[in-house]
Amino acid sequence: MADQHSTAATAAPVDFIRAIVDEDLATGKHHGRVSTRFPPEPNGYLHIGHAKSICLNFGIAQERGGSCNLRFDDTNPAKEDVEYVDAIKDDVAWLGFMWSAELYASDYFERLYRFAVELITQGKAYVDSLNGDQIRAYRGTLTEAGKNSPYRDRPVSENLDLFARMRGGEFADGAHVLRAKIDMASPNFNLRDPTLYRIRHAAHHRTGDAWCIYPMYDFAHPLSDALERITHSICTLEFEDHRPLYDWLVGALIDEDRPRQIEFARLNLNYTVMSKRKLLQLVQQGVVSGWNDPRLPTISGLRRRGYTPESIRDFCARIGVAKKENVIDVAQLEHSIREDLNRRAPRVMTVLRPLKVVLTNYPEGQVEEVDVINNPEDASAGTRKVPFSRVLYIERDDFLEDPPKKFFRLSPGKEVRLRCAYFITCTEVVKDGRGEILELRCTYDPSTRGGDSPDGRKGTPRGWRKAKRSSITSIPTRST
RNA sequence: UGGGGCGUCGCCAAGCGGUAAGGCGCGGGUCUUUGGAACCCGUAUUCGAAGGUUCGAAUCCUUCCGCCCCAGCCA
């Protein structure tokens, strides 16, 4: 089959991430395996920016015969909620992707804990008892190295004991943290003994109060990737600085099949708020009706607004994937939905500013039904019956009493075609005392039923509407 | 100021030493069975800047300039 509907997706050049995946496949790096994951934190709804990541992760798995997990990065009980995990699952599925497995970082809490113990045993992590302010002060600045915590050289046995007691609930929030022992003088802050675990006496949406210590993203993410045998861990640019830590952890705890983190530039849309924090604010303050308010760029908002999954996927395929910061013009998104809807949306005829038309030679009281095409772009969309009678309305803009030369619409003495109905000719203009046009008197040509002229007469068809078949509708105005 | 990234048309984006793809947008035109549709044409002598290497550079080297990210016990 000729791909006359070839999309940007099929024509799109291979982006740098797919190039890496293909290279790894070619060299047999992961024994021909490709495994990705989409790792949202259930602390809000997904938006169009997430769609880019979803299409990337699921797309690569799909195209290269791999798998893609949906993994909730739920390591911060304070911000997360089941409402969000349900919404996220709905949105991903609606976009047209099915995950190989539904997983949660919280499912790994026990194993992550054991990884932490292993790290302590290796002498690569320690329990720090400095408070938050002190830790910040010890961290140094952009130009000055940090200082070692006085607790940095606690013996392994003491660290093991303290860490176990942290888990046991002996300490208050903030009393201790587990930190990696790397390098307080590193120019990369992420390596200045990053925090791995903190004490949080808070109920978790899945584990309840089974835990009072929770792993940090930097600790949980690479190890969760490794546990799932993810091959390519794709994330956004701001995590580039975290990669050395990602590799450090994986290097210390994982023997084979280590995952690799690859960063790409997140999506930005002009005139669009894409920050989860700000979207949450709009929802909480009641500025919008909810996460699916059609004015929001959330997946559920776009869905409610009439966007189709196809159009969003097409958009993601068109914008590409690279490392350059970008601000996509919303016109690009709108183009995708227009193209999709144009191809499949059924049409209706409507009149915004009605002008009454009386067909003087059409039998009084007669009503006939004409077949109107549902979608000129798609013959299979069929036709519908629309009543036609002596009195009907056309768009005011479709009539001009004194038309310029290239005006193909109705004017006195001129003939025009009513879409899928008849040709009509304007014979008289009825006005009120002030010269306002009240109605038009026209004649119709019975031989042109269906809007076809037996003698090949042409004319741009105009929309029309039978009298008394109106319904009040609100018409969205174009926002320009 | 230290570190990590990035700079190709208004917005995206290919290009990987052999003489600037494509999409969106925009401009013009064609089309008398909707069109904010479709189709056609046009839209970077130039790749942040300056030097250098080379027969040849957006692609290699040097310096400079600009923008983004990092000092959460957030992700």
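So that the names make sense, note that chain A is the first sequence line, chain B the second, and so on, each numbered from 1.
Out of G5(B), C74(B), C12(B), the shortest distance to the side chain of R200(A) is found at C74(B). Closest approach to the E240(A) side chain among G4(B), A75(B), C24(B) is made by G4(B) (side chain taken as heavy atoms from C-beta onward). Checking G36(B), A75(B), C12(B) against every side-chain atom of R338(A), the shortest atom distance belongs to G36(B). Here the nucleotide nearest the side chain of T143(A), chosen from G23(B), A71(B), U1(B), is U1(B). For L142(A), taking side-chain heavy atoms from C-beta onward, the closest of the listed nucleotides C70(B), C73(B), A75(B) is C70(B). Taking only side-chain atoms of A331(A), from C-beta outward, the nucleotide of G25(B), G5(B), C73(B) with the closest atom is G25(B). Of the candidate nucleotides C11(B), G23(B), C73(B), C73(B) has the atom nearest to the side chain of R198(A).
The C1' atoms of U43(B) and U8(B) are separated by 16 Å, rounded to the nearest whole Å. Across U32(B) and G18(B), the matching P atoms stand 48 Å from one another, rounded to whole Å. Going from the C1' atom of A71(B) to that of G3(B) covers 12 Å, rounded to whole Å. Look at the C1' atom in both G36(B) and C26(B): the space between them is 15 Å, to the nearest Å. Comparing G10(B) with A44(B), their C1' atoms are spaced 12 Å from each other, to the whole Å. Rounded to whole Å, the separation between the C1' atoms of A21(B) and G28(B) comes to 23 Å. Between G42(B) and G48(B), the two P atoms lie 26 Å apart (nearest whole Å). Nucleotides G15(B) and G22(B) are separated by 14 Å at their P atoms, to the nearest Å.
Using a 30° and 60° split on the angle between ring planes, H204(A) and F109(A) fall in the perpendicular class, above 60°. In this pair, F38(A) and F58(A) present their aromatic rings tilted. The plane angle is within the 30 to 60° band. The aromatic rings of Y113(A) and W211(A) lie tilted to each other, with the angle between the two planes from 30° to 60°.
A side-chain donor from one of Y45(A) and E83(A) sits under 3.5 Å from a side-chain acceptor of the other.
The side chain of R318(A) places no N or O atom within less than 4.0 Å of a non-bridging phosphate oxygen (OP1 or OP2) of A14(B). Of the side-chain N and O atoms in R136(A), none sit less than 4.0 angstrom from OP1 or OP2 of C73(B). Between K324(A) and U8(B) there is a side-chain N or O to OP1 or OP2 distance below 4.0 Å.
A cation-pi contact, defined as under 6.0 Å to the ring centre and within 45° of the axis, links R206(A) to Y104(A). Judged by the 6.0 Å distance and 45° axis criteria, R305(A) is not positioned over the aromatic ring of Y307(A).
Here the C1' atom of nucleotide C26(B) and the NE2 atom of H335(A) are 14 Å apart, to the nearest Å. Put simply, CZ on R179(A) is 12 Å from C1' on G72(B), counting in whole angstrom units. Between L191(A) atom CG and C69(B) atom P there is a gap of 20 Å when expressed in whole angstrom units. Put simply, CD on E23(A) is 13 Å from C1' on C16(B), counting in whole angstrom units. When the C1' atom of A13(B) is taken as reference, atom NZ of K323(A) falls 16 Å away, rounded to whole Å. Atom CZ in R167(A) sits roughly 23 Å away from atom P in C73(B) (whole-Å rounding). Going from atom CG of N190(A) over to atom C1' of A75(B) covers 12 Å, rounded to whole Å. The nearest whole Å value for the distance from the CZ atom in R266(A) to the P atom in C6(B) is 17 Å.
Salt bridge absent: K385(A) and E369(A) never bring a charged side-chain N and a carboxylate O closer than 4.0 Å. Remark: E41(A) does not engage K276(A) in a salt bridge, criterion side-chain N to carboxylate O under 4.0 Å. The pair R266(A)-E325(A) does not meet the salt-bridge criterion, since no charged nitrogen lies less than 4.0 angstrom from a carboxylate oxygen.
The salt bridge (charged side-chain N to carboxylate O under 4.0 Å, His left out) analysis of residues 138-152 of chain A, with sequence neighbours excluded, yields the pairs R152(A)-D193(A).
At the heavy-atom level, T75(A) lies under 4.0 Å from the strands shown only through sugar-phosphate atoms. V321(A) comes within contact range of the sugar-phosphate backbone alone, with a heavy-atom separation under 4.0 Å but no base atom that close. As judged by a 4.0 angstrom heavy-atom cut-off over every strand, N131(A) is placed among the base-contacting residues. At a threshold of 4.0 angstrom between heavy atoms, the contacts of H242(A) include nucleobase atoms, whether or not backbone atoms are also involved. At a threshold of 4.0 angstrom between heavy atoms, the contacts of E377(A) include nucleobase atoms, whether or not backbone atoms are also involved. Note on V177(A): a base of the nucleic acid sits closer than 4.0 angstrom, heavy atoms only. Backbone-only engagement by N76(A) is indicated by non-hydrogen atom pairs under 4.0 Å involving sugar-phosphate atoms exclusively. At the heavy-atom level, I199(A) lies nowhere under 4.0 Å from the strands shown. Using a 4.0 Å heavy-atom distance criterion, Y214(A) is classed as making no nucleic acid contact. Base contact: T141(A) has a heavy atom under 4.0 Å from a base atom.
Between the base of G3(B) and the side chain of D241(A) there is a donor-acceptor pair shorter than 3.5 Å. Scanning atom types as modelled, no donor and acceptor separated by under 3.5 angstrom connect the side chain of E334(A) and the base of G36(B). Within 3.5 Å, a donor on the side chain of N342(A) pairs with an acceptor on the base of G35(B), or the reverse.
Annotated as anti: G52(B), whose O4'-C1'-N torsion sits more than 90° from 0.
Judged by Watson-Crick or G-U wobble contacts below 3.5 Å, the nucleotide G27(B) has C41(B) as its partner. For C73(B), there is no paired base (Watson-Crick or G-U wobble, both distances below 3.5 Å). G7(B) is paired with C65(B) under the Watson-Crick or G-U wobble criterion, all donor-acceptor distances under 3.5 Å. Nucleotide G36(B) forms a pair with no other nucleotide shown, judged by Watson-Crick or G-U wobble geometry with both contacts under 3.5 Å. Base pairing analysis places A21(B) opposite nothing; no Watson-Crick or G-U wobble pair with both distances below 3.5 Å involves it. Partner assigned to C60(B) is G52(B), using Watson-Crick or G-U wobble distances below 3.5 angstrom.
F115(A) has its ring centre no less than 6.0 Å from the ring centre of Y108(A).
Nearest-nucleotide mapping onto RNA chain B: of L130(A) and N188(A), the residue sitting toward the 5' end is N188(A). Between V348(A) and L333(A), the residue anchored closer to the 5' end of RNA chain B is L333(A), taking for each the nucleotide with the nearest heavy atom.
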Polar atoms only, N or O, under 3.5 Å: list the protein pairs with nucleotides 65-68 of chain B and their distances.
unit_1 : atom_1 : unit_2  : atom_2 : d
C68(B) : O2'    : E325(A) : OE2    : 2.9

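Listed by chain and residue number, K181(A) satisfy the side-chain contact (heavy atoms from CB on, under 4.5 Å) test with D153(A) (two or more places apart in sequence, or in another chain).
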